[in-house]
Amino acid sequence: MENGTYFYLMLFENIGYIRYAFFGLGFILYCAIVFFNALIILAIFLERTLHQPMYILISCLSVNSVFGTAAFFPRLLTDLLSDTHLISRAACILQAFVIFSYASNENTILMLMAFDRYVAISKPLQYNNIMTPRILSVLISISWIYSMLCIGIAGILNARLTMCGNKLWKVYCHNWEIVKLSCANTIVNNVFGLFILTTTVIMPLSFILYSYVKILIICRKSSLDFRRKAYQTCIPHIVILLNFSVAIFCEVTLSRVATLELPIGLSVILSLEFLIVPPILDPLVYGLNFPKIRKKMIWIIKACK
(Lines give C-alpha, C1' and ligand atoms only; values in the text may rest on other atoms or scores of the structure.)
Protein backbone atom coordinates (compact mmCIF):
# COMPACT_ATOMS: atom_id res chain seq x y z
CA MET A 1 0.00 0.00 0.00
CA GLU A 2 1.16 3.55 -0.77
CA ASN A 3 2.87 5.37 2.07
CA GLY A 4 0.48 7.86 3.66
CA THR A 5 -2.70 6.16 2.41
CA TYR A 6 -2.78 3.89 5.45
CA PHE A 7 -0.97 3.88 8.78
CA TYR A 8 0.16 0.85 10.77
CA LEU A 9 -0.38 1.02 14.56
CA MET A 10 2.80 -0.83 15.49
CA LEU A 11 2.25 -1.24 19.23
CA PHE A 12 -0.46 -3.86 18.59
CA GLU A 13 2.01 -6.17 16.86
CA ASN A 14 3.14 -9.37 18.60
CA ILE A 15 1.29 -8.90 21.89
CA GLY A 16 0.04 -12.50 21.89
CA TYR A 17 -2.83 -13.76 24.00
CA ILE A 18 -2.48 -10.93 26.52
CA ARG A 19 -4.54 -8.93 24.01
CA TYR A 20 -7.66 -10.67 25.39
CA ALA A 21 -6.89 -9.49 28.92
CA PHE A 22 -6.38 -5.95 27.62
CA PHE A 23 -9.64 -6.23 25.67
CA GLY A 24 -11.56 -7.26 28.79
CA LEU A 25 -10.03 -4.46 30.85
CA GLY A 26 -10.64 -1.89 28.11
CA PHE A 27 -14.26 -3.01 27.65
CA ILE A 28 -14.97 -2.74 31.39
CA LEU A 29 -13.33 0.70 31.57
CA TYR A 30 -15.29 1.99 28.59
CA CYS A 31 -18.60 0.69 29.97
CA ALA A 32 -17.84 2.32 33.33
CA ILE A 33 -16.93 5.64 31.68
CA VAL A 34 -20.15 5.72 29.64
CA PHE A 35 -22.29 4.60 32.60
CA PHE A 36 -21.01 7.07 35.20
CA ASN A 37 -20.86 10.04 32.84
CA ALA A 38 -24.35 9.30 31.52
CA LEU A 39 -25.54 9.22 35.14
CA ILE A 40 -24.03 12.65 35.78
CA ILE A 41 -25.59 14.09 32.61
CA LEU A 42 -29.03 12.63 33.40
CA ALA A 43 -28.90 13.71 37.05
CA ILE A 44 -28.17 17.32 36.15
CA PHE A 45 -30.63 17.35 33.22
CA LEU A 46 -33.53 15.87 35.23
CA GLU A 47 -33.06 17.83 38.47
CA ARG A 48 -34.12 21.47 38.03
CA THR A 49 -32.27 22.59 41.17
CA LEU A 50 -29.05 21.53 39.45
CA HIS A 51 -29.61 23.90 36.51
CA GLN A 52 -26.91 26.23 37.82
CA PRO A 53 -23.61 27.25 36.17
CA MET A 54 -21.38 25.02 38.31
CA TYR A 55 -23.46 21.91 37.70
CA ILE A 56 -23.98 22.67 34.01
CA LEU A 57 -20.19 22.91 33.59
CA ILE A 58 -19.83 19.57 35.40
CA SER A 59 -22.25 18.03 32.89
CA CYS A 60 -20.15 19.57 30.07
CA LEU A 61 -17.14 17.67 31.42
CA SER A 62 -19.13 14.45 31.24
CA VAL A 63 -20.35 15.15 27.70
CA ASN A 64 -16.77 15.87 26.69
CA SER A 65 -15.55 12.62 28.29
CA VAL A 66 -18.09 10.56 26.34
CA PHE A 67 -17.14 12.47 23.16
CA GLY A 68 -13.39 11.89 23.54
CA THR A 69 -13.48 8.26 24.63
CA ALA A 70 -15.88 7.37 21.79
CA ALA A 71 -13.02 8.05 19.36
CA PHE A 72 -10.55 5.96 21.32
CA PHE A 73 -12.04 2.89 22.99
CA PRO A 74 -14.09 1.32 20.13
CA ARG A 75 -11.08 1.51 17.83
CA LEU A 76 -8.74 0.21 20.57
CA LEU A 77 -11.00 -2.78 21.30
CA THR A 78 -11.28 -3.57 17.58
CA ASP A 79 -7.50 -3.46 17.12
CA LEU A 80 -6.95 -5.74 20.12
CA LEU A 81 -9.04 -8.47 18.48
CA SER A 82 -7.81 -7.88 14.94
CA ASP A 83 -4.82 -9.48 13.21
CA THR A 84 -4.21 -6.40 11.04
CA HIS A 85 -3.79 -2.97 12.52
CA LEU A 86 -4.25 -0.64 9.58
CA ILE A 87 -6.11 2.65 9.70
CA SER A 88 -6.76 4.89 6.71
CA ARG A 89 -5.21 8.33 6.71
CA ALA A 90 -8.63 10.05 6.75
CA ALA A 91 -9.84 7.93 9.69
CA CYS A 92 -6.56 8.53 11.51
CA ILE A 93 -6.81 12.31 11.16
CA LEU A 94 -10.46 12.17 12.26
CA GLN A 95 -9.56 10.16 15.37
CA ALA A 96 -6.75 12.59 16.21
CA PHE A 97 -9.18 15.51 15.73
CA VAL A 98 -11.73 14.09 18.20
CA ILE A 99 -9.15 13.03 20.81
CA PHE A 100 -7.29 16.34 20.84
CA SER A 101 -10.52 18.35 20.67
CA TYR A 102 -11.52 16.46 23.82
CA ALA A 103 -8.23 17.40 25.52
CA SER A 104 -8.55 21.07 24.53
CA ASN A 105 -12.22 21.21 25.56
CA GLU A 106 -11.37 19.72 28.94
CA ASN A 107 -8.90 22.51 29.66
CA THR A 108 -11.24 25.30 28.58
CA ILE A 109 -14.14 23.84 30.61
CA LEU A 110 -11.89 23.66 33.68
CA MET A 111 -10.99 27.31 33.06
CA LEU A 112 -14.69 28.26 32.97
CA MET A 113 -15.24 26.32 36.21
CA ALA A 114 -12.42 28.26 37.87
CA PHE A 115 -13.94 31.53 36.63
CA ASP A 116 -17.36 30.48 37.94
CA ARG A 117 -15.97 29.70 41.41
CA TYR A 118 -13.97 32.96 41.44
CA VAL A 119 -17.08 35.03 40.67
CA ALA A 120 -19.20 33.07 43.18
CA ILE A 121 -16.67 33.61 46.00
CA SER A 122 -15.37 37.09 45.23
CA LYS A 123 -18.68 38.67 44.11
CA PRO A 124 -21.50 36.60 45.64
CA LEU A 125 -24.08 39.43 45.41
CA GLN A 126 -23.42 40.01 41.69
CA TYR A 127 -23.00 36.32 40.83
CA ASN A 128 -26.48 35.80 39.35
CA ASN A 129 -26.15 38.94 37.24
CA ILE A 130 -22.73 37.91 35.90
CA MET A 131 -23.22 34.17 35.36
CA THR A 132 -26.55 34.34 33.55
CA PRO A 133 -27.70 31.39 31.41
CA ARG A 134 -27.04 33.44 28.27
CA ILE A 135 -23.49 34.39 29.27
CA LEU A 136 -22.76 30.81 30.32
CA SER A 137 -24.05 29.48 26.98
CA VAL A 138 -21.86 31.96 25.08
CA LEU A 139 -18.76 31.08 27.13
CA ILE A 140 -19.28 27.33 26.65
CA SER A 141 -19.93 27.76 22.92
CA ILE A 142 -16.83 29.91 22.40
CA SER A 143 -14.62 27.50 24.35
CA TRP A 144 -15.80 24.46 22.37
CA ILE A 145 -15.82 26.16 18.95
CA TYR A 146 -12.36 27.70 19.42
CA SER A 147 -10.80 24.40 20.57
CA MET A 148 -12.34 22.36 17.77
CA LEU A 149 -11.51 25.01 15.16
CA CYS A 150 -7.83 25.01 16.17
CA ILE A 151 -7.59 21.21 16.17
CA GLY A 152 -9.48 21.09 12.86
CA ILE A 153 -6.99 23.47 11.22
CA ALA A 154 -4.13 21.33 12.57
CA GLY A 155 -5.79 18.27 11.00
CA ILE A 156 -6.09 20.05 7.63
CA LEU A 157 -2.41 21.01 7.78
CA ASN A 158 -1.49 17.39 8.54
CA ALA A 159 -3.67 16.09 5.70
CA ARG A 160 -1.67 18.18 3.21
CA LEU A 161 1.69 16.69 4.23
CA THR A 162 3.54 14.19 2.04
CA MET A 163 4.28 11.04 4.04
CA CYS A 164 7.60 9.17 3.88
CA GLY A 165 6.56 6.52 6.40
CA ASN A 166 3.42 4.84 7.70
CA LYS A 167 4.35 3.30 11.05
CA LEU A 168 2.81 4.95 14.10
CA TRP A 169 4.29 3.88 17.43
CA LYS A 170 1.09 4.62 19.31
CA VAL A 171 -2.15 2.81 20.08
CA TYR A 172 -4.13 5.75 18.68
CA CYS A 173 -3.58 8.39 16.00
CA HIS A 174 -1.53 11.31 17.24
CA ASN A 175 -1.10 14.61 15.39
CA TRP A 176 2.57 15.04 16.27
CA GLU A 177 3.40 11.43 15.35
CA ILE A 178 1.81 11.96 11.92
CA VAL A 179 3.85 15.14 11.41
CA LYS A 180 7.07 13.28 12.27
CA LEU A 181 6.40 10.80 9.43
CA SER A 182 6.38 13.57 6.84
CA CYS A 183 9.29 14.27 4.52
CA ALA A 184 7.93 17.73 3.65
CA ASN A 185 8.63 21.03 5.43
CA THR A 186 6.66 20.92 8.69
CA ILE A 187 7.56 24.33 10.14
CA VAL A 188 3.98 25.61 9.74
CA ASN A 189 2.61 22.53 11.54
CA ASN A 190 5.16 22.92 14.34
CA VAL A 191 4.47 26.64 14.86
CA PHE A 192 0.69 26.13 14.77
CA GLY A 193 1.02 23.19 17.18
CA LEU A 194 2.85 25.43 19.65
CA PHE A 195 0.14 28.07 19.18
CA ILE A 196 -2.54 25.49 20.07
CA LEU A 197 -0.52 24.33 23.08
CA THR A 198 -0.21 27.92 24.29
CA THR A 199 -3.83 28.98 23.81
CA THR A 200 -5.62 25.78 24.87
CA VAL A 201 -3.29 24.48 27.58
CA ILE A 202 -0.82 27.04 28.96
CA MET A 203 -3.11 30.10 28.98
CA PRO A 204 -6.13 28.31 30.53
CA LEU A 205 -3.92 26.72 33.19
CA SER A 206 -2.39 30.12 33.98
CA PHE A 207 -5.86 31.66 34.37
CA ILE A 208 -6.99 28.74 36.53
CA LEU A 209 -3.96 29.13 38.78
CA TYR A 210 -4.59 32.89 39.06
CA SER A 211 -8.28 32.31 39.93
CA TYR A 212 -7.57 29.80 42.70
CA VAL A 213 -4.80 31.96 44.18
CA LYS A 214 -7.26 34.88 44.36
CA ILE A 215 -9.87 32.57 45.92
CA LEU A 216 -7.32 31.43 48.52
CA ILE A 217 -6.49 35.06 49.39
CA ILE A 218 -10.20 35.89 49.79
CA CYS A 219 -10.81 32.82 51.96
CA ARG A 220 -7.93 33.69 54.31
CA LYS A 221 -9.66 37.01 55.08
CA SER A 222 -13.10 35.47 55.54
CA SER A 223 -14.93 33.64 58.31
CA LEU A 224 -14.42 29.97 59.11
CA ASP A 225 -17.89 29.05 57.79
CA PHE A 226 -17.25 30.93 54.52
CA ARG A 227 -13.91 29.15 54.09
CA ARG A 228 -15.51 25.76 54.72
CA LYS A 229 -18.19 26.32 52.06
CA ALA A 230 -15.66 27.68 49.57
CA TYR A 231 -13.26 24.77 50.04
CA GLN A 232 -16.13 22.28 49.79
CA THR A 233 -16.95 23.45 46.24
CA CYS A 234 -13.38 24.20 45.10
CA ILE A 235 -11.49 21.10 46.28
CA PRO A 236 -13.23 18.67 43.84
CA HIS A 237 -12.40 21.05 40.96
CA ILE A 238 -8.76 21.27 42.09
CA VAL A 239 -8.49 17.45 42.31
CA ILE A 240 -9.82 17.14 38.75
CA LEU A 241 -7.53 19.93 37.56
CA LEU A 242 -4.39 18.41 39.10
CA ASN A 243 -5.20 14.99 37.67
CA PHE A 244 -5.78 16.31 34.16
CA SER A 245 -2.75 18.63 34.29
CA VAL A 246 -0.45 15.72 35.22
CA ALA A 247 -1.98 13.58 32.46
CA ILE A 248 -1.51 16.30 29.82
CA PHE A 249 2.04 16.96 31.02
CA CYS A 250 2.89 13.28 30.56
CA GLU A 251 1.31 13.16 27.10
CA VAL A 252 3.02 16.36 25.85
CA THR A 253 6.40 15.35 27.32
CA LEU A 254 6.32 11.86 25.81
CA SER A 255 5.32 13.13 22.37
CA ARG A 256 7.59 16.18 22.17
CA VAL A 257 10.77 15.15 24.01
CA ALA A 258 12.55 12.82 21.60
CA THR A 259 15.44 12.05 23.96
CA LEU A 260 13.14 10.66 26.68
CA GLU A 261 13.51 6.88 26.77
CA LEU A 262 11.07 4.83 28.83
CA PRO A 263 9.95 1.19 28.71
CA ILE A 264 7.23 0.80 26.07
CA GLY A 265 4.63 -0.39 28.60
CA LEU A 266 5.20 2.61 30.88
CA SER A 267 5.18 5.10 28.01
CA VAL A 268 1.87 3.67 26.72
CA ILE A 269 0.28 3.92 30.18
CA LEU A 270 1.46 7.51 30.67
CA SER A 271 0.35 8.57 27.19
CA LEU A 272 -3.14 7.10 27.74
CA GLU A 273 -3.70 8.58 31.19
CA PHE A 274 -5.47 11.68 29.84
CA LEU A 275 -7.91 9.45 27.92
CA ILE A 276 -8.66 6.99 30.73
CA VAL A 277 -8.28 8.50 34.19
CA PRO A 278 -10.16 11.85 33.88
CA PRO A 279 -13.26 10.35 32.19
CA ILE A 280 -13.63 7.78 35.00
CA LEU A 281 -12.45 10.00 37.86
CA ASP A 282 -14.51 13.13 37.08
CA PRO A 283 -18.00 11.62 37.61
CA LEU A 284 -16.84 9.72 40.70
CA VAL A 285 -15.35 12.83 42.33
CA TYR A 286 -18.39 15.01 41.61
CA GLY A 287 -20.88 12.25 42.36
CA LEU A 288 -19.33 11.56 45.76
CA ASN A 289 -18.64 15.16 46.80
CA PHE A 290 -21.84 16.95 45.77
CA PRO A 291 -24.86 15.63 47.73
CA LYS A 292 -27.43 16.93 45.23
CA ILE A 293 -25.78 15.08 42.34
CA ARG A 294 -25.24 11.93 44.42
CA LYS A 295 -28.87 11.88 45.57
CA LYS A 296 -30.19 12.22 42.01
CA MET A 297 -27.78 9.57 40.68
CA ILE A 298 -29.02 7.10 43.32
CA TRP A 299 -32.63 7.98 42.42
CA ILE A 300 -31.96 7.25 38.72
CA ILE A 301 -30.35 3.89 39.51
CA LYS A 302 -33.30 2.89 41.73
CA ALA A 303 -35.79 4.08 39.08
CA CYS A 304 -34.07 1.92 36.44
CA LYS A 305 -34.42 -1.14 38.69
Side-chain angles (χ1 to χ4, degrees), residues 1-23 25-26 29-30 68-104 151 154-155 157-190 192-194 196-197 201 246-278:
M1 293 181 184
E2 182 184 349
N3 270 1
T5 304
Y6 285 84
F7 292 114
Y8 290 86
L9 298 172
M10 299 302 295
L11 291 183
F12 290 105
E13 299 292 332
N14 303 318
I15 59 174
Y17 291 109
I18 198 173
R19 71 174 64 186
Y20 300 111
F22 288 147
F23 175 86
L25 179 61
L29 277 172
Y30 187 46
T69 54
F72 171 66
F73 276 98
R75 175 74 203 191
L76 173 73
L77 298 176
T78 302
D79 279 321
L80 285 170
L81 295 182
S82 176
D83 292 326
T84 58
H85 308 104
L86 292 174
I87 182 169
S88 69
R89 185 172 181 178
C92 194
I93 290 173
L94 178 61
Q95 186 189 46
F97 166 76
V98 176
I99 288 175
F100 287 98
S101 292
Y102 148 77
S104 299
I151 304 300
L157 291 175
N158 288 350
R160 297 176 63 184
L161 292 175
T162 302
M163 296 290 114
C164 289
N166 58 2
K167 294 181 179 179
L168 290 173
W169 295 91
K170 290 277 186 179
V171 295
Y172 64 93
C173 290
H174 192 290
N175 278 332
W176 181 240
E177 295 297 322
I178 295 173
V179 171
K180 288 195 290 187
L181 291 176
S182 174
C183 48
N185 190 328
T186 61
I187 187 169
V188 175
N189 300 70
N190 295 338
F192 192 70
L194 290 174
I196 293 175
L197 181 66
V201 178
V246 170
I248 286 295
F249 175 79
C250 291
E251 200 284 327
V252 171
T253 303
L254 287 169
S255 62
R256 290 279 177 170
V257 182
T259 57
L260 191 64
E261 294 185 2
L262 292 173
I264 291 178
L266 179 59
S267 64
V268 169
I269 291 171
L270 292 176
S271 68
L272 293 181
E273 186 187 353
F274 83 106
L275 275 167
I276 296 175
V277 180

Response to the item:
Heavy-atom nearest pair, Ile248 first then Ala103, reads CD1-CB, 4.1 Å
Worksheet item: Between NZ of Lys167 and CG of Leu11, what distance do you get to the nearest 0.5 Å?
Response: 12.5 Å
Worksheet entry | Rounded distance (nearest 0.5 Å) linking atom CZ of Arg75 with atom CD1 of Ile99 | 11.0 Å
Response to the item:
Hits for side chain to side chain contact (heavy atoms under 4.5 Å, CB included) against Ser182, two or more places apart or cross-chain, chain-then-number order -> Leu161, Met163, Ala184, Thr186
Discussion item. Using every non-hydrogen atom in the two residues, find where Tyr172 and Glu251 come nearest and quote the distance to one decimal.
Written reply: OH-OE2, 3.5 Å
Item to complete: Kindly check if the number of other-residue, nucleotide or ligand heavy atoms within 6.0 Å of CZ (Phe22) is above 12?
Response: no
Discussion item. Once ring pair (Phe, Tyr, Trp, His ring centres under 6.0 Å) is applied, do any residues pair with Phe274, and if so which ones, sequence neighbours excluded?
Written reply: none
Worksheet entry | Steps toward side-chain contact (heavy atoms from CB on, under 4.5 Å) verdict (Asn158, Asn189) | CA-CA 7 Å; Asn158 288 350; Asn189 300 70; 2.9 Å; yes
Worksheet item: For the residue pair His174 and Phe100, does the interplanar ring angle fall in the parallel (under 30°), tilted (30 to 60°) or perpendicular (over 60°) class?
Response: perpendicular
Item to complete: Could you please spell out the steps behind the side-chain contact (heavy atoms from CB on, under 4.5 Å) verdict for Asn175 and Phe97?
Response: CA-CA 8 Å; Asn175 278 332; Phe97 166 76; over 6 Å; no
Discussion item. List the residues meeting salt bridge (charged side-chain N to carboxylate O under 4.0 Å, His left out) with Glu273, not counting sequence neighbours, and say none if there are none.
Written reply: none
Item to complete: Return the minimal non-hydrogen interatomic distance between Leu168 and Cys173, and the atom names on each side.
Response: CD1-SG, 4.2 Å
Response to the item:
Note: Leu80 and Arg19 closest approach over all heavy atoms is O-CD, 2.8 Å
Discussion item. Run the side-chain contact (heavy atoms from CB on, under 4.5 Å) test on Asn166 and Leu181 for me, step by step, so that the C-alpha distance in whole Å, both residues' side-chain angles and the decisive distance to 0.1 Å come before the verdict.
Written reply: CA-CA 7 Å; Asn166 58 2; Leu181 291 176; 5.5 Å; no
Worksheet item: Closest approach of Cys92 and Ile178, non-hydrogen atoms and distance?
Response: SG-CD1, 3.9 Å
Worksheet item: Is the closest side-chain heavy-atom distance between Tyr102 and Leu275 below 4.5 Å?
Response: yes
Worksheet item: Just wondering, more than 12 heavy atoms not from Phe249 lying within 6.0 Å of its CZ?
Response: no
Practice prompt. Specify the closest pair of heavy atoms between Leu86 and Tyr8, including all atoms of both residues, with the distance to one decimal.
Written response: CD2-CE2, 3.0 Å
Item to complete: In sequence, state the C-alpha distance, the side-chain angles, and the governing distance for Phe12 and Leu76, and then conclude on side-chain contact (heavy atoms from CB on, under 4.5 Å).
Response: CA-CA 9 Å; Phe12 290 105; Leu76 173 73; 3.6 Å; yes
Discussion item. Within the supplied structure, the quantity of interest is the number of heavy atoms (other residues, nucleotides, ligands) at a distance under 6.0 Å from Ile187 CD1; does it exceed 12?
Written reply: no
Worksheet item: Does Val171 reach the side chain of Phe72, with side-chain heavy atoms less than 4.5 Å apart?
Response: yes
Worksheet item: If you round to the nearest 0.5 Å, how far is CG of Leu272 from SG of Cys250?
Response: 11.5 Å
